[in-house]
Peer 1: 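Before anything else, here's the structure in question.
The basis for the numbers below is simple: all heavy atoms, side chains too, and nothing from hydrogens, waters or symmetry mates.
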Amino acid sequence: MSPKPVHERKCVICGKPQEEKYKPFCSKRCADVDLNRWFSGGYAIPAVEEDEPDDETPEPS
């Protein structure tokens, strides 16, 4: 019985094989590119603002 081939993971930035030291990246450069994207807002999650309630709504007594 032969061993199963190990699925090689790819760098999330450039697609090269991951290096153990920099997982999930292949190098310090790709890790720094990712960090810069976080700092510059490149990974911002868009939000939908809800309407504020009307001022005319009676308050419960």
Peer 1: Roughly how far, to the nearest 0.5 Å, is the CD1 atom of Ile13 from the CZ atom of Arg37?
Peer 2: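 Separation between the atoms: 4.0 Å.
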Peer 1: Any side-chain heavy atom of Phe25 sitting closer than 4.5 Å to one from Asp32?
Peer 2: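 Not touching, per the 4.5 Å side-chain cut-off.
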Peer 1: Does a sphere of radius 6.0 Å around NZ in Lys10 hold more than 12 heavy atoms from other residues, nucleotides or ligands, not counting ones at 6.0 Å or beyond?
Peer 2: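 Above 12, so yes.
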Peer 1: Which residues pass the side-chain contact (heavy atoms from CB on, under 4.5 Å) test with Phe39, sequence neighbours left out?
Peer 2: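 Expected list: Leu35.
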Peer 1: Once you round to the nearest 0.5 Å, how far does CZ of Arg9 lie from NZ of Lys23?
Peer 2: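 So the CZ of Arg9 and the NZ of Lys23 are separated by 7.5 Å.
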Peer 1: Considering only heavy atoms from C-beta outward, does the side chain of Pro24 approach that of Cys11 to under 4.5 Å?
Peer 2: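 Pro24 vs Cys11: side chains apart.
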Peer 1: Hey, what do you get for SG (Cys26) to CD (Glu20), rounding to the nearest 0.5 Å?
Peer 2: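 One gets 14.0 Å once the value is rounded to the nearest 0.5 Å.
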